[in-house]
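Here's the structure, in structure tokens; my notes come after.
Computed from a predicted model, the values in this text were never measured in an experiment. Residue numbering restarts at 1 for every chain, and letters A, B, ... go by the order of the sequence lines.
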2 protein chains.
Amino acid sequence: MPSRQQKGNCLNLTKETRCMTCSLSSLCLPLSLNLEDIDQLDRIIKRRQPLKKGEHLFRQGDSFDCVYAVRSGSLKNYIMTNDGEEQITNFHLPSEMVGLDGIDCSSYPVSSRALETTTVCEIPYSRLQELSNELPDLRKQMFSSLSKEIRDDKQMMLLLSKKNAEERVATFLANLSARFKRRGYSPYTFRLPMSRNEIGNYLGLAVETVSRVFTRFQTSQIIAVNGKEVHITDRQQLLEIAGLSECEAETGAKLVAS
Amino acid sequence: MPSRQQKGNCLNLTKETRCMTCSLSSLCLPLSLNLEDIDQLDRIIKRRQPLKKGEHLFRQGDSFDCVYAVRSGSLKNYIMTNDGEEQITNFHLPSEMVGLDGIDCSSYPVSSRALETTTVCEIPYSRLQELSNELPDLRKQMFSSLSKEIRDDKQMMLLLSKKNAEERVATFLANLSARFKRRGYSPYTFRLPMSRNEIGNYLGLAVETVSRVFTRFQTSQIIAVNGKEVHITDRQQLLEIAGLSECEAETGAKLVAS
DNA sequence: CGATAGTTTGATATAGGTCAAGCAATGTGG
DNA sequence: CCACATTGCTTGACCTATATCAAACTATCG
């Protein structure tokens, strides 16, 4: 049983309380922070109670005071059109940072909600900023995260403005595959944490189109789908359709939102 | 005649050599830098020889060593699809920063080329980084620029995935209008620095569609177009079609790529 | 002033959206 | 633990916004 050591909805788990022992740290802190630096960062991080499916981590317009790293589960980020429709701008898997794009506003520019039961590390921004004043490596890492997000966004624009339905779905699957691989999971078999509807929303397609492309890919033996379980049968062809070279797929360079 | 005081293609103009006296400084340095800070920044900035129409400021893959501020003219940034097509990701008008998205790579992730004769201020990144270590305000400003770009990119994704042709063109014109206004020019009458083709490329539309929307808007008395000259006749309706509230248009908040 | 590139307009084709219906999975209360 | 409801997924039929193709017209440039 974890002991409550912090106020509010933050609690310290007895295990995995430290960045240094966290299995994800090599991914969410790819900067070469030395041990002391990690220790300092560690002290300002809070582990929050898990979010249940559908709960918000934060809402567009909420006052910006923390950034987050996903520990387990997954999140979708989205903005609202002025007629109330949602536009998903990103999905976030474990080890990925969330909320950095609010960094110069007083409030979050997007909403973020859990796709399933999800745990996150919470980093109070004021503390992070103080700390980054002292740690050039940490600062560099923050710039990196931001500029990576920009590069990914440009690739997403390309996808939305030039790619057809099959290319979009193939790119999406290849991207997820690379992200699972990065975390040490199979890049061939994984479970989609989001619904077809959410995939369509994100890719600028109708649900029906996503569904049809899935069945078409299945018919051509590129993937095997069973509900949310996906198995990639012909990775080569998937990458080809996505319009990605082997190398791009490996590095995740041209992959969207990784 | 400007005197050559620096090596290579950089030269110091006798006038407007200083940020402090530059008419754009309030826009490209909206941070509240004190006079000393501006002076320090000033010393590391180089004014380059004008780029002629079609010349590259930098190419995707070039080694990243400078960021830029547009002084006059305009630029388009674009990435290449793997089949050689270009996807324009942004247009840059005077006072706007270019190249920040290369910040954590060794090379620029996009290409940038002049749409017309264009002058820029060049800021060597290594120097900027050193300086930002000392000036928290400058650092804050850099984070601001990056996170603003991310927010704009999200809006662009929304445009590309949810808006129809008329909404896209209206959004584009409203955005340009706000940017001209910001620089002290008329928000009602301005000259498009880019071709219809480039507008279409940027907005994910065929040239023909852009042209047709322009004529439709003209027929409904929303704008008057003569070649590249645009006059906005019915701003209210333009904003309505764009799906922007008056307030959003004023602040440029939801406007793409400003 | 002819050539070349950019723009407009019309005619036609099509990818993907929308609507509708059935089916599968998941959740809920008795 | 099981009916039943709700939500998500798939498939088919049809429609429409926009792409594509073609041609004329207009600016721009050497």
- From CG of B:N201 across to P of C:dT7 the rounded distance in Å is 13 Å
- Which residue pairs pass the side-chain hydrogen bond (donor to acceptor under 3.5 Å, both in side chains) test with at least one member in residues 161-170 of chain A, sequence neighbours excluded? A:S161-B:Q87, A:K162-B:Q87, A:K163-A:T171, A:E166-A:R216
- Query: Can you check whether B:N226's main-chain N or O pairs, donor with acceptor, with B:E229's side chain at less than 3.5 Å?
  - Reply: no
- Excluding sequence neighbours, so at least two apart, what forms side-chain hydrogen bond (donor to acceptor under 3.5 Å, both in side chains) with B:S63? B:D65
- Write out all pairs satisfying side-chain hydrogen bond (donor to acceptor under 3.5 Å, both in side chains) with one or both partners inside residues 107-118 of chain B, taking only residues at least two apart or from two chains. B:S74-B:E116, B:N77-B:S112
- Message: Let me check the geometry of the helix from C:dC1-D:dG30 to C:dG30-D:dC1. What is the bend angle between the axes at its two ends, five pairs each, to 10°?
- Response: 50°
- Item | N/O (side chain, A:S195) to phosphate O (OP1/OP2, D:dT7) under 4.0 Å | no
- Task: Have a look at B:S211 and say if it touches a base, only the backbone sugar-phosphate, or nothing, with a 4.0 Å heavy-atom cut-off.
- Result: base
- Task: Can you tell me the distance, in whole Å, between the NZ atom of A:K228 and the P atom of D:dG8?
- Result: 8 Å
- Message: I need the CG-P distance between B:N197 and C:dT8, as an integer number of Å.
- Response: 12 Å
- Under the side-chain hydrogen bond (donor to acceptor under 3.5 Å, both in side chains) test, residues paired with A:T119 that sit two or more places apart: A:S72
- Note on the structure: Separation of D:dG8 atom P from A:E229 atom CD, nearest Å, is 19 Å
- Mind checking side-chain hydrogen bond (donor to acceptor under 3.5 Å, both in side chains) for A:T233 and listing every partner two or more places apart, or none if nothing turns up? none
- Item | Option passing side chain to side chain contact (heavy atoms under 4.5 Å, CB included) with A:M80 (candidates A:E86, A:E85, A:R59) | A:E86
- Would you mind reading off the distance between A:Q218 atom CD and D:dC9 atom P, rounded to a whole angstrom? 15 Å
- Query: What do you reckon, is NZ of B:K228 surrounded by more than 12 foreign heavy atoms closer than 6.0 Å?
  - Reply: yes
- Message: Treating B:T209 as the side-chain partner and B:L205 as the backbone partner, does any N or O pair qualify as donor plus acceptor under 3.5 Å?
- Response: no
- Task: May I have the distance from A:M194 (atom CE) to D:dG8 (atom P), rounded to whole angstrom?
- Result: 15 Å
- Residue pairs meeting side-chain hydrogen bond (donor to acceptor under 3.5 Å, both in side chains), one or both in residues 184-201 of chain A, sequence neighbours left out, come to A:K76-A:E198, A:T189-A:H231, A:S195-A:E198
Tabulated below should be each protein N or O lying under 3.5 Å from an N or O of nucleotides 24-28 of chain C; please produce it.
none

- Message: From CG of A:L115 over to C1' of D:dG8, roughly how many Å is that when rounded to an integer?
- Response: 15 Å
Do any N or O atoms of the protein come closer than 3.5 Å to N or O atoms of nucleotides 3-5 of chain C, and which pairs are they?
none

- Just by protein heavy atoms under 4.0 Å, how would nucleotides 14-19 of chain D read 5' to 3' in B, S and -? ----SS
- Query: Does a side-chain N-to-carboxylate-O contact under 4.0 Å join B:D153 and A:K154?
  - Reply: yes
- Message: Keeping A:E96 on the side-chain end and A:L93 on the backbone end, is there a donor-acceptor pair under 3.5 Å?
- Response: yes
- Message: Keeping B:S177 on the side-chain end and B:L173 on the backbone end, is there a donor-acceptor pair under 3.5 Å?
- Response: no
- Calculate the interatomic distance between B:F217 atom CZ and C:dT8 atom C1'; express it in whole Å. 17 Å
- Query: Considering residues at least two apart in sequence or located in another chain, which fulfil the side-chain hydrogen bond (donor to acceptor under 3.5 Å, both in side chains) criterion with B:D83?
  - Reply: B:T81
